[in-house]
Amino acid sequence: MRLRNKPWAVKLVHEHPESVIDRPDPSLKIDWSKRFADISRPLEIEVGPGKGKFITTMAEKHPEKNFVALELQMTAAGMILRTKLAKELSNLQILCADAANIDAFFSAHIASKIYLNFSDPWPKTRHEKRRLTYKTFLQKYQTVLRANGQVEFKTDNAGLFAYSLQSMNNFGMNFDFVSVDLHNEKEEVLAANIETEYEHKFAAQGNPIYALHADFGVK
């Protein structure tokens, strides 16, 4: 998702360094114990949260967990920050950086979940390495996640979903949940699902939502 530049968002980010880490040096690990009041809580990361509906809702519903929104676009980071401040979400931090460096910003085995919601499908073959479920990204997620930590993935793109299934299977991941029509799953599945902005839009148009949960097994 490419957002139109909003000067207020950039200004807001710069005014709140306590909530946003802006373009950190990838050669230095971030000390997350200085960013959260209780670092012993489970840490969950959303890669590419866009405007932040999913990650801010998760942080609000789960004060017993810590969350990081890893977002490259400054405008999107500002939108997430605005909601964080309005809802006083002390358990949410925003990392404005490239997801390709995720294993540089987080210590090994620190996170319990990584969320990939409606990622750019990069449909052209020459752009395969940019897909967030390409093998090099999976390797980085494996480093960051704890033993049996999960990757949760949702998309409306059938091609990206098929590719991701194959990529994860080839990597040796275990599938804990797979759905080709998430919004027509059992009630308990729907009750646990938090929608993103894109998800709400596409589902309202009658498009199926594809989803999977996968782990790397015991390290």
Side-chain angles (χ1 to χ4, degrees), residues 1 42-50 52-55 57-59 61-62 65 67-71 99-100 102-103 106 109-125 127-219:
M1 176 176 63
L43 175 67
E44 301 186 353
I45 305 164
E46 184 181 13
V47 179
K53 179 182 178 182
F54 175 86
I55 196 71
T57 302
M58 288 291 290
K61 287 181 172 291
H62 297 282
K65 298 180 181 180
F67 295 88
V68 175
L70 175 49
E71 173 56 56
I102 188 171
D103 58 335
F106 295 90
H109 315 323
I110 192 175
S112 57
K113 282 190 180 181
I114 292 175
Y115 298 100
L116 308 174
N117 292 319
F118 297 86
S119 310
D120 192 327
W122 294 105
K124 295 181 180 179
T125 302
H127 293 152
E128 179 186 7
K129 293 181 180 180
R130 299 184 186 183
R131 297 171 192 162
L132 292 183
T133 51
Y134 183 65
K135 61 184 177 181
T136 55
F137 279 101
L138 298 180
Q139 187 173 32
K140 294 172 189 289
Y141 304 152
Q142 185 178 29
T143 298
V144 170
L145 284 169
R146 296 177 178 176
N148 293 319
Q150 278 191 329
V151 174
E152 294 196 7
F153 171 81
K154 290 194 289 188
T155 184
D156 67 307
N157 188 291
L160 180 61
F161 187 68
Y163 171 85
S164 300
L165 280 170
Q166 183 176 15
S167 180
M168 292 180 179
N169 183 65
N170 290 345
F171 201 84
M173 296 179 70
N174 306 310
F175 295 102
D176 308 306
F177 173 77
V178 176
S179 176
V180 295
D181 193 359
L182 179 62
H183 286 211
N184 280 313
E185 289 288 346
K186 296 178 181 178
E187 185 59 37
E188 58 265 30
V189 173
L190 295 176
N193 183 53
I194 303 297
E195 290 189 355
T196 74
E197 293 92 349
Y198 270 144
E199 181 176 356
H200 181 78
K201 174 184 175 181
F202 294 138
Q205 294 172 349
N207 298 325
I209 303 301
Y210 306 91
L212 67 82
H213 303 168
D215 67 71
F216 296 94
V218 177
K219 298 184 181 71

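For clarity, every value in this text was computed on a predicted model and none was experimentally measured.
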Can a side-chain donor-acceptor contact be found between D215 and N174 if the only test is distance below 3.5 angstrom? yes
For E128, is the CD atom crowded, meaning more than 12 foreign heavy atoms sit under 6.0 Å from it? yes
Gap separating the CG atom of L212 from the CG atom of L165, nearest 0.5 angstrom: 5.5 Å
Any side-chain heavy-atom pair from W122 and Y134 closer than 4.5 angstrom? no
Rounded to the nearest 0.5 Å, the CG atom of L145 sits from the OH atom of Y141 at a distance of 10.0 Å
Apply the test side chain to side chain donor-acceptor pair (under 3.5 Å) to residues K201 and N207: give CA-CA distance (whole Å), side-chain angles for both, the deciding distance (0.1 Å), then the verdict. CA-CA 9 Å; K201 174 184 175 181; N207 298 325; over 6 Å; no
Within the 4.5 Å heavy-atom criterion, are F67 and L43 side-chain neighbours or not? no
I would like to know whether L182 and K154 meet side-chain contact (heavy atoms from CB on, under 4.5 Å); could you show each step before the answer? CA-CA 9 Å; L182 179 62; K154 290 194 289 188; 3.6 Å; yes
Apply the test side-chain contact (heavy atoms from CB on, under 4.5 Å) to residues I102 and L70: give CA-CA distance (whole Å), side-chain angles for both, the deciding distance (0.1 Å), then the verdict. CA-CA 8 Å; I102 188 171; L70 175 49; 4.0 Å; yes
Tell me which one of T155, V151, I45 satisfies side-chain contact (heavy atoms from CB on, under 4.5 Å) with L116. V151
Separation of E199 CD from I194 CD1 (nearest 0.5 Å): 9.5 Å
Taking atom NE2 of H127 as the centre, report whether more than 12 heavy atoms of other residues, nucleotides or ligands fall under 6.0 Å from it. yes
Atom of L132, atom of A99 and distance for their closest heavy-atom approach: CD2-CB, 4.5 Å
Got R131 and F137 here, is their nearest side-chain heavy-atom distance under 4.5 Å? no
Indicate yes or no: at least one non-hydrogen side-chain atom of E195 is less than 4.5 angstrom from one of F54. no
Can you name the closest pair of heavy atoms from N193 and H183 and give their distance? ND2-NE2, 3.8 Å
Kindly give the heavy-atom pair with the smallest separation between S179 and E185, and that separation in Å. OG-OE2, 2.6 Å
Rounded to the nearest 0.5 Å, what separation is found between the CD atom of Q166 and the OG1 atom of T133? 10.5 Å
Test of ring centre spacing under 6.0 Å for F216 and F171: yes
So D156 and Y210, side-chain contact (heavy atoms from CB on, under 4.5 Å) or not? Walk me through it. CA-CA 6 Å; D156 67 307; Y210 306 91; 5.5 Å; no
Roughly how far apart are N148 CG and S112 OG, rounded to 0.5 Å? 11.5 Å
Verdict with reasoning, N117 to E46, per side chain to side chain donor-acceptor pair (under 3.5 Å): CA-CA 8 Å; N117 292 319; E46 184 181 13; 2.9 Å; yes
Rounded at 0.5 Å granularity, tell me how far CZ in R130 sits from CG in D120. 9.0 Å
Mind running side-chain contact (heavy atoms from CB on, under 4.5 Å) on L138 and M173 for me, showing each step along the way? CA-CA 9 Å; L138 298 180; M173 296 179 70; 4.1 Å; yes
For Q139 and D103, what are the C-alpha separation, side-chain angles and deciding distance, and is it a side chain to side chain donor-acceptor pair (under 3.5 Å)? CA-CA 9 Å; Q139 187 173 32; D103 58 335; over 6 Å; no
Closest heavy-atom contact between A214 and M168? CB-SD, 4.0 Å
Closest approach of K53 and T196, non-hydrogen atoms and distance? CD-C, 4.1 Å
List the atom of P208, the atom of V180, and the distance in Å for their closest heavy-atom pair. CB-O, 3.7 Å
Check whether S164 reaches the backbone of L160 with its side chain - one donor and one acceptor, N or O, closer than 3.5 Å. yes
Side chains of Y115 and E44: do they bring a donor and an acceptor to under 3.5 Å? yes
Which of parallel (below 30°), tilted (30 to 60°) and perpendicular (above 60°) describes H213 and F177? tilted
